[in-house]
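Computed from a prediction, not measured in an experiment: that's the story for all the values here. Each residue takes its place number in the sequence, starting with 1.
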Amino acid sequence: MATRSQTAAVLLAAALTLAACASGGGTSQSPAASGGGKTLVIDTSFDLKTADPGRTYEPTGLIVGKAVYETLLTFDGADVTKPMPALAESYELSEDGKTLTLKLKQGATFADGAPLTADDVVFSLTRVRDMKGTPSFLLDGVEVAKTDDTTITLTSKAANPALPYILPNPALGIINSKLAQQHGATTDPQDKAEQWLNSASAGSGPYMIESFNVSSQVTLKANPKYYGTKPAYDKVVLRNVEAATQKLNVARGDSQVALNLSGDQVAGMPATLQVKKTASANVIFLLANQDSAISKTTPNAKFVEAVRKGVDYAGLLELAGEGSTQAPGVIPSQLLGALPPEQAAQRDVEGAKAALAASGLSNPTVKLEYPSELTVNGLSFQPLAERIQANLKEVGITVDLQPAPVTTALDNYRNGKEEMGLWYWGPDYPDPSDYLAFLPGKLVGLRAGWKAGAAKEIEAAGDKAATAIGDDARKSAYADVQTKLNASGPFIPLIQPSQNIVTAGSVTGLEYHPVWTVDVADLGVK
């Protein structure tokens, strides 16, 4: 399956980090503002391009999309291990994993009161796939058909057990097809509806777009014709605010939610505020290039073993702060198929020295590349790289740190030119199949110079996992892939940094979600 390049993800994260964000200080409202209704002000560092669900894939856009549009399936709170009914009241995957049949629930309506139909579903999903926007890969090779007025079938050429986990993505939100087509929506790259969708409300969700500015502020208002449970807040204001100002605003009550604070920034918050610390779904990892044309050192399996045993994982967690966790494998802890914590690597300096001796390498020196200005969940790569350098020096490995601007570092990473690299991977969708990218010949595998055919046992395990059907079989298969990767692969999973969210004491129901960060419609008020 084709996946969104991590290059795009890192570039977006870098843009988020580097952008000079407006503080939004003049626009704050208390929860009781806005004409007697309740207003929720959320400060976040914007990573936003569009409100068109068929084109959005940036974190802030997914927050907006989740509020304005509904999907066929969803997840309950923070749990991404089991897709739940949404616009579809039920779903069934065929035994061969190729056909997903969904029964639509009745009574759903769009913001203008028009009924949501099977035709709207077919148009919306076909538009995402064939418009060739950023999220089109989610439905690559999937045919969408209406069986009858209440039944939709999604058919894939190969087994696609990940599909129920993909459908909750807000990019696959259902739009009012008749209305959208009046404003230029099509099911091909000639689509012209984006500008209209940036200001219109063509969804069936609990909120509508009141105003939309990609650089400063998005305002959502409650959908008065929403057929489901009414949201607690009449208005939600998302503001583009740098992290330091987010901390000030939430502390003094100018906002009720701050989404982008580091572990250091949330320390010492007033007792009146709620601080939610949870491991993010981002996995920071090391790669050791397997291409002998790039390095004579890193393809050595015993060298990789020495690095794996030489890293002080507890020390990296100390740097990352409370809420972070060690990554036992490449699949993060929230997802089906994640390895249990007891399978995480442990530091063993003597074992690392023995592995290095067995490698035949004498006092090797390697270059470690990483993006100098990129942060992940408020965590910079520089202190992590410095700690790894010190760890491996104790083993007998000299690490030459090679920080570079993100564009330079990305070119080398993307083209498989790094001897060693320090990077991260966030899920394109919350399913373990997204992590087959780490196998030989796949996207991330090639970035580590790991070509197809390089590890046939691991590749066979990956093929088995890709076609496994049923939660138990898939969980076992993906655990097996990661166990084999840890034993002989070129990747060393390190940590999942903490996602820190601060809210006012009045806000209830907040759960961090690895796809849409936060579901604003789930938020309540005391």
Side-chain angles (χ1 to χ4, degrees), residues 1-3 71-105 121 125 137-145 147 151-169 172 281 283 327-343 425 427-439 442 456-487 493 513-515:
M1 174 181 290
T3 68
T71 49
L72 292 170
L73 302 177
T74 189
F75 293 109
D76 185 12
D79 183 3
V80 294
T81 63
K82 185 171 180 56
M84 304 293 288
L87 288 175
E89 65 180 15
S90 66
Y91 65 96
E92 183 178 0
L93 186 66
S94 62
E95 288 188 8
D96 62 5
K98 295 181 179 180
T99 303
L100 183 66
T101 303
L102 302 109
K103 285 288 185 182
L104 299 182
K105 71 179 179 184
V121 173
L125 299 185
F137 77 93
L138 293 170
L139 295 176
D140 275 352
V142 178
E143 292 300 322
V144 185
T147 303
T151 310
I152 299 293
T153 56
L154 304 181
T155 307
S156 305
K157 293 178 182 177
N160 193 0
L163 197 51
Y165 296 82
I166 294 172
L167 286 177
N169 194 295
L172 302 180
V283 173
V330 294
I331 298 176
S333 57
Q334 296 92 338
L335 272 59
L336 180 79
L339 289 176
E342 57 267 23
Q343 283 193 236
W425 181 268
D428 291 315
Y429 47 87
D431 186 80
S433 61
D434 194 39
Y435 294 80
L436 295 175
F438 283 82
L439 270 56
K442 305 298 185 183
K456 292 183 179 179
E457 186 180 358
I458 293 176
E459 291 169 80
D463 291 341
K464 181 179 177 181
T467 56
I469 306 296
D471 287 354
D472 291 343
R474 301 185 78 223
K475 182 178 180 181
S476 174
Y478 281 101
D480 182 53
V481 169
Q482 291 175 94
T483 300
K484 287 180 167 62
L485 268 177
N486 286 347
H513 198 281
V515 178

Show me the pairs that pass ring-ring contact (aromatic ring centres under 6.0 Å, His included) and involve residues 72-102, at least two apart or across chains.
Phe75-His513
Show every salt bridge (charged side-chain N to carboxylate O under 4.0 Å, His left out) that has at least one partner inside residues 74-87, sequence neighbours left out.
none
Could you tell me which non-hydrogen atom of [X] sits nearest to which non-hydrogen atom of [Y], and how far apart they are?
X: Ser433; Y: Ala162; answer: OG-CB, 3.3 Å
X: Leu102; Y: Ala88; answer: CD2-CB, 3.8 Å
X: Asp431; Y: Tyr165; answer: OD1-CD1, 3.2 Å
X: Val80; Y: Leu335; answer: CG2-CD1, 3.9 Å
X: Pro427; Y: Ala281; answer: CD-O, 3.4 Å
X: Val515; Y: Pro430; answer: CG2-CD, 3.5 Å

Tell me every residue that passes side chain to side chain donor-acceptor pair (under 3.5 Å) with Lys484, counting only those two or more places apart in sequence or in another chain.
Asp480
Starting at [atom1] of [X], measure out to [atom2] of [Y] and round the result to the nearest 0.5 Å.
X: Thr155; Y: Leu163; atom1: OG1; atom2: CG; result: 9.5 Å
X: Leu436; Y: Ile458; atom1: CG; atom2: CD1; result: 12.0 Å
X: Leu100; Y: Asn160; atom1: CG; atom2: CG; result: 8.5 Å
X: Asn169; Y: Leu72; atom1: CG; atom2: CG; result: 12.0 Å
X: Asp428; Y: Ile166; atom1: CG; atom2: CD1; result: 9.5 Å
X: Ile469; Y: Asp96; atom1: CD1; atom2: CG; result: 7.5 Å

Are Leu439 and Val481 close enough, and set up right, to give a side chain to side chain contact (heavy atoms under 4.5 Å, CB included), and what steps lead you there?
CA-CA 9 Å; Leu439 270 56; Val481 169; 3.9 Å; yes
State whether the side chain of Gln482 and the backbone N or O of Gly337 hold a donor-acceptor pair below 3.5 Å, judged by distance alone.
yes
What pairs of donor and acceptor atoms, side-chain ones from residues 459-468 against any protein atom, are under 3.5 angstrom apart with sequence neighbours left out?
unit_1 : atom_1 : unit_2 : atom_2 : d
Glu459 : OE1    : Gly453 : N      : 2.9
Glu459 : OE2    : Gly453 : N      : 3.0
Glu459 : OE2    : Ala454 : N      : 3.3
Glu459 : OE2    : Ala455 : N      : 3.1
Thr467 : OG1    : Asp463 : O      : 3.2
Thr467 : OG1    : Lys464 : O      : 3.4

Side-chain heavy-atom pair Lys105, Pro85 within 4.5 angstrom cut-off
no
Run the numbers on Leu87 and Val121 for side chain to side chain contact (heavy atoms under 4.5 Å, CB included), then give the verdict.
CA-CA 10 Å; Leu87 288 175; Val121 173; 5.7 Å; no
Lys98 and Ser156: CA distance, side-chain angles, deciding distance, side-chain hydrogen bond (donor to acceptor under 3.5 Å, both in side chains) verdict
CA-CA 5 Å; Lys98 295 181 179 180; Ser156 305; over 6 Å; no
What residues form a side chain to side chain contact (heavy atoms under 4.5 Å, CB included) with Thr483, not counting sequence neighbours?
Leu339, Gln343
Using the side chain to side chain contact (heavy atoms under 4.5 Å, CB included) criterion, which residues pair with Ser333? Sequence neighbours excluded.
Gln496
Would you sort out whether Thr71 and Leu73 count as a side chain to side chain contact (heavy atoms under 4.5 Å, CB included), showing the intermediate values?
CA-CA 5 Å; Thr71 49; Leu73 302 177; 5.7 Å; no
Phe137 and Tyr429 aromatic ring geometry - parallel, tilted or perpendicular at 30°/60° bounds:
tilted
Quick one: do Thr81 and Asp471 satisfy side chain to side chain contact (heavy atoms under 4.5 Å, CB included)? Show the steps, please.
CA-CA 9 Å; Thr81 63; Asp471 287 354; over 6 Å; no
Using a 6.0 Å cut-off, check whether atom CD of Glu342 has over 12 heavy atoms from anything other than its own residue.
yes
